[in-house]
Each structure stands twice: as structure tokens, then as C-alpha cells.
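We count ligands from 1, going down the list as the structure has it; atoms in each ligand are counted the same way. Scope of the values below: all heavy atoms of this structure, side chains included, with no hydrogens, waters or symmetry mates.
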Amino acid sequence: MRSMKVNLDKKSSSSYEIRIGYKIVDRMMLIISKNFKANRYVLITDNSVGSIYAKQMMDSFKDVGLNINRIEFSAGESSKNINTVMDIVGKLLEIGADRGTMLIALGGGVVGDMVGFIASIYMRGIPYIQIPTTLIAQVDSSIGGKTAIDLPVGKNLLGTFCQPCAVFADLMFLETLPQKEFNNGLAEIIKYGIIDDEKLFRLLSENMDAVKNRDSVVLLKIVENCCRIKKSIVEIDEKEQGLRRLLNFGHTLGHAIEAVSKYTISHGEGVALGMIAAARISEKMRYLDLTQLKRIEEIILQAGLPGKIPQNFSTADIMSRLVMDKKKKDDIVNFVLLKKIGMPFVHGGIDDKIINDVIEEMK
Ligand code: NAD
Ligand code: GLY
């Protein structure tokens, strides 16, 4: 099992360890029972993850003598809302959960974001542990303490920053992850290589087949690298005042394409297209050289992610979604661009015509 600490401030109370490994549930339980004592634990998961793993996880808690309850909700983004929060909170009250209770988020980003949100407000705040089961959650959403639920007008509009007290990423969970969900995580992993680490980029392109086959040895190296990048960024900029925005590479246009597709394009596919667009804009504006652009396009195609925006998507619709992007500030759409692989920067003044041309060229 590998381990790294997220050092958030001098008071070590908000710092925590990320532990990563393959089949680490037994060790995880020993660590929880020794280091994260609580009167009661409540495992919160969605019904898909629950149907595969809840019994095994509940038994593991009981085997080390811990008092555990379980709450499940329907899987999917459509559950990430205030109604589900109220439902879960009602069940916590029925169980008798109090400030001596520890929540356990077992699942993907939807479970993690929502459990983190509840933990941050239930009885003015109780601790929680992240056990991420999707690739996205293992390399991104379980780390850094962004919690949120969606509102009818947009995603993640109600939320808090609330760090977990530990993260346990067991690669074993990835074995049952549907292909589409695995590909969403693949796009995020490529993103880390592009924004932070030429070595990770090379490791990925040289081992793409093993990654796609979910080889646990290769995945361990890759997930560990990604977690290290994410934790280093969060350590410097916990509340997203600057550096953390770099994690949005590919997401600005990606979200717009996802929305215009009415979510028939997955998050990973949107991010893949958004990363190519951001790299092409960078090249057009003479920040990035053509060879690097080609390497970025190649790795995305190698991963089996798309390189072309469907012909029938209107460029005008994508442009107007961009303007609605919540990251827009003072009439500026902030784009993360590249000077080279591993060297991103935020640009707030890109001419609409350049974005428009790149979208057209990508069809
Ligand atoms: P998700 O949580 O909806 O999981 C995707 C699907 O996979 C679900 O149906 C789930 O039941 C299923 N699943 C999860 N683990 C499984 C496993 N091991 N085996 C079989 N099925 C499994 O989606 P996600 O992609 O993990 O997360 C997306 C969410 O995360 C979004 O709401 C997004 O806003 C949020 N997010 C948050 C952050 C953050 O920093 N907090 C970062 C990225 C994304
Ligand atoms: N997923 C982006 C962030 O954590 O800031």
C-alpha cells in the first residue's frame, strides 16, 4: 500500500493521508479502527456500488468490532440534489447519528461530493472518510475537499470546502467499473500528464494498453502519480484562488460540448475534446509547438477517446454555452492553455473567433 499526506496547514487537524493499493480493505479496516475512532460509522453509497460491495464492506467493519449502519440512494448524477440530502439526513437522525459519528463515502464522485456536503453541515460538521470506487473519484474528486450538490439551474452550485479525514483508494474496485466510467477517468489521468508531468504523460503513452486493460501494477503507478499532482495543487491553493484552476484544463469547452449534446457525450469525451481544443488554441496563439499538439491529440486517440466534435453540433450553441460557464468572470471566459506539456497557464482574453475556428476545425 502506498501512502502520501495532504499537508494543508500548520494545524495538522485538516491534513490527511491518501492510501492507495490493490485489495487493501483488510488493512484499511485496521487503520480506521486504530486511527479514526468513532462511536458509530455510517456507510453511505449508491445502489449500484452497494449491490456489489456494501455487504463485504459492512462485514469488514463488523469484523474489526466497529458499529456500522448503511444508507443507500439511487445511483447517478440525478440523485446529487437537496432531496437526496434531506432523505439521507432524515435517515442519519433515525439511526441516532451524532457528532461522534463518522460518515464513510463508498462510491464515485456523486457519493463522495454528497457525503462530504452532508458531513460539512450535519450537526455543524462531522468527520468523513472517502473510499472512492471510480477512477475519477480515485484520482480527483475524493481529494481536495470540494463538496457539492446540484441545483436545477446548474451543477455543483451548492457546496462547501470540507476535507475528509482519510482517503483509501483500492484499485480492486475498478475491476467492476463500467467501461464508459473507466474512460471518464482516463481523460482525467491524461489531463494530469498534460498539465503537470511530462514523465507521467510518457508513462501513459508507453503503457496505454496495460492501462486500458486495467493492469493493477501499472494503474497503481498512474493513480499514485495523479494523486500526488492533485494533492500538491490542493496544498498550495485549497480554495481555488489561482493554481487549482489549472485542474480545469479541457473542462471549459468540455462542459459546453457535454451540455450541447444533452449529455449524450460523456464527461470524459467532453474533456477529451476540450483538451484538444485548448491545445489547438494554444498552438494557434503560438504558445505551444505543433509537435506537442500532435502528441496530445495522439494520446487522446490512443486512449480510445474522441478527437472530433460531431458535425451536427452547432458551433453557435457551443459558444453560447461557453459564455454561460460558471467560471466566467467579468465577461471573461477563462481558458487553461499550454506553453508545453507540463506547463499550463490561465488565459482570460481569447478572441471568440479563435475558439470558433477551432471548434469548426474539429468537426
Ligand atoms: P458516479 O459517482 O455517478 O459514478 C458513476 C457510475 O459508476 C455510477 O452509476 C456508480 O454507481 C457506478 N460505480 C461507481 N463505482 C463503481 C464500481 N467500482 N463498480 C461498478 N460501478 C461503479 O460518477 P463519477 O464519474 O465517479 O463522479 C462524477 C461526479 O463527481 C460529478 O458529480 C462531478 O461533479 C463530481 N466531481 C467532483 C470533483 C471534486 O473535486 N469534488 C471532481 C471531479 C468530479
Ligand atoms: N476537480 C477539480 C478540483 O478539485 O479543483
Side-chain angles (χ1 to χ4, degrees), residues 6 25 44-54 56-57 72-81 84 105-117 119-120 128 130-151 154-164 167 169-189 191-192 195 214 226-227 229-252 254-255 258 263 266-271 326-327 336:
V6 185
V25 172
I44 305 180
T45 190
D46 70 35
N47 61 334
S48 299
V49 177
S51 67
I52 313 174
Y53 297 110
Q56 175 199 342
M57 294 301 290
E72 275 185 24
F73 62 88
S74 297
E77 187 71 31
S78 58
S79 287
K80 196 175 141 181
N81 57 40
T84 314
L106 175 74
V110 165
V111 174
D113 277 16
M114 204 152 49
V115 173
F117 183 65
S120 70
Y128 74 109
Q130 290 271 18
I131 307 181
T133 63
T134 64
L135 193 50
I136 283 203
Q138 296 193 344
V139 298
D140 187 0
S141 61
S142 65
I143 305 161
K146 272 190 184 174
T147 87
I149 56 170
D150 302 335
L151 292 179
K155 279 184 65 172
N156 295 328
L157 291 180
L158 213 55
T160 56
F161 283 96
C162 175
Q163 302 294 337
V167 178
D170 191 334
L171 302 177
M172 177 254 320
F173 290 118
L174 302 181
E175 288 172 356
T176 55
L177 193 62
Q179 192 58 45
K180 180 173 143 254
E181 305 301 340
F182 189 80
N183 288 349
N184 284 336
L186 216 46
E188 297 294 342
I189 284 174
K191 177 194 80 179
Y192 282 115
I195 64 165
R214 308 186 193 190
C226 295
C227 289
I229 295 171
K230 172 108 193 218
K231 79 131 200 150
S232 310
I233 291 176
V234 169
E235 281 173 347
I236 295 168
D237 181 22
E238 183 184 356
K239 302 273 169 76
E240 197 170 331
Q241 301 299 304
L243 187 74
R244 192 164 175 170
R245 290 189 197 140
L246 298 178
L247 292 169
N248 293 326
F249 178 68
H251 285 59
T252 312
H255 285 154
E258 260 184 277
Y263 298 94
S266 69
H267 178 70
E269 291 166 342
V271 170
K326 69 175 165 23
K327 287 167 204 91
V336 181

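- Some N or O of Lys146 is nearer than 3.5 Å to an N or O of ligand 2, by distance alone.
- In the model, Glu258 has no side-chain atom that pairs as donor or acceptor with a side-chain atom of His251 under 3.5 Å.
- Side chain to side chain, Asn184 and Glu188 fail the donor-acceptor criterion of an N or O pair below 3.5 Å.
- Look at Glu240 and you'll find every heavy atom at least 4.0 Å from all atoms of ligand 1.
- Annotation: Gly107 places no N or O atom under 3.5 Å from an N or O atom of ligand 1; distance criterion only.
- At a 4.0 Å heavy-atom cut-off, ligand 1 touches Val110 through backbone and side chain alike.
- Of the heavy atoms in Pro178, only side-chain atoms (C-beta onward) come closer than 4.0 Å to ligand 1.
- Nearest non-hydrogen protein atom to atom 4 (O) of ligand 1 is Thr134 CG2, 3.7 Å.
- Using a 4.0 Å cut-off between heavy atoms, Met114 makes no contact with ligand 1 at all.
- A heavy-atom distance below 4.5 Å is found between the side chains of Arg244 and Lys146.
- Counting heavy atoms under 4.0 Å from ligand 1, residue Ala75 touches it through the side chain alone.
- Heavy atoms only, all atoms of each residue included: Ala148 and Asn156 are closest at CB-OD1, 3.5 Å.
- The protein atom (non-hydrogen) at minimum distance from atom 10 (C) of ligand 1 is Asp46 OD2, 3.4 Å.
- Regarding atom 38 (C) of ligand 1, its nearest protein heavy-atom neighbour is Ser141 CB, 3.2 Å.
- The protein non-hydrogen atom at the shortest distance from atom 1 (N) of ligand 2 is Asp140 OD1, 3.0 Å.
- Phe173 approaches Pro132 most closely through the heavy-atom pair CD1-O, 3.9 Å.
- Scanning all protein heavy atoms for the shortest distance to atom 15 (N) of ligand 1 gives Thr133 OG1, 2.7 Å.
- Heavy-atom contacts of Ser48 reach the following atoms of ligand 1: 11 (O) (cutoff under 4.0 Å).
- The two atoms that bring Ala75 and Ser48 nearest to each other are CB-OG, 3.4 Å, heavy atoms only.
- For the atom pair CG (Leu158) and CG (Asp113), the distance works out to 12.0 Å, reported to the nearest 0.5 Å.
- Of all heavy-atom pairs spanning Gln163 and Gly145, the tightest one is OE1-N, 3.2 Å.
- Closest to atom 17 (C) of ligand 1 by heavy atom, among Thr176, Asn47, Asp113, is Thr176.
- Taking 4.5 Å as the limit, every side-chain heavy atom of Lys191 sits out of range of all side-chain heavy atoms of Val336.
- The single protein non-hydrogen atom nearest to atom 25 (O) of ligand 1 is Ile136 CD1, 3.8 Å, given as residue, atom name and distance.
- Within the 3.5 Å criterion, the main-chain N or O of Asp140 finds a donor-acceptor partner in the side chain of Lys230.
- Here Ile52 has side-chain heavy atoms under 4.0 Å from ligand 1, and that is the only part of it that gets that close.
- Annotation: side chain of Met114 is not in contact with side chain of Ile44 (no heavy-atom distance under 4.5 Å).
- Taking a cut-off of under 4.0 Å to the non-hydrogen atoms of Val49, the atoms of ligand 1 that pass are 11 (O), 13 (N), 14 (C), 15 (N), 16 (C), 22 (C).
- Residue Lys230 approaches ligand 1 through these ligand atoms, each under 4.0 Å from one of its heavy atoms: 40 (O).
- When heavy-atom distances to ligand 1 are checked against a 4.0 Å cut-off, Asn156 comes that close only through its side chain, counted from C-beta outward.
- Proximity of Leu177 to ligand 1, defined as any heavy-atom pair under 4.0 Å, is shared by backbone and side chain alike.
- Partners of Ser120 according to the side chain to side chain contact (heavy atoms under 4.5 Å, CB included) rule, which considers only residues two or more places apart in sequence or in another chain, are Phe117, Thr147, Thr160, Cys162.
- Considering both main-chain and side-chain atoms, Tyr53 never comes within under 3.5 Å of ligand 1 through any nitrogen or oxygen pair.
- Within ligand 1, counting atoms from 1 as listed, the ones closer than 4.0 Å to a heavy atom of Phe173 are 17 (C), 18 (N).
- In terms of protein heavy atoms, atom 31 (C) of ligand 1 is closest to Glu77 OE1, 3.2 Å.
- Within the set Ser78, Ala105, Gly109, the minimum heavy-atom distance to atom 23 (O) of ligand 1 is found for Gly109.
- Ligand 1 lies within reach of Asp140, whose nearest heavy atom is under 4.0 Å from it.
- Ligand 2 lies less than 4.0 angstrom from a heavy atom belonging to Lys230.
- The part of Glu181 lying near ligand 1 is the side chain, judged by heavy-atom distances below 4.0 Å.
- Using a 4.0 Å cut-off between heavy atoms, Lys80 contacts ligand 1 through its side chain alone, with no backbone atom that close.
- Note that the OG1 atom of Thr45 and the CD1 atom of Ile131 stand 9.5 Å from one another [nearest 0.5 Å].
- From Lys80, atom NZ reaches atom CG of Asp46 across 12.5 Å, with rounding to the nearest 0.5 Å.
- Looking at every heavy atom in both residues, Gly109 comes nearest to Ala137 through N-CB, 3.9 Å.
- At least one donor-acceptor pair closer than 3.5 Å links the side chain of Glu269 to the backbone N or O of Ser266.
- The two residues Val111 and Phe73 make their nearest non-hydrogen contact at CG2-CZ, 3.7 Å.
- Contacts between His267 and ligand 1, counted as non-hydrogen atom pairs separated by less than 4.0 Å, are absent for every part of the residue.
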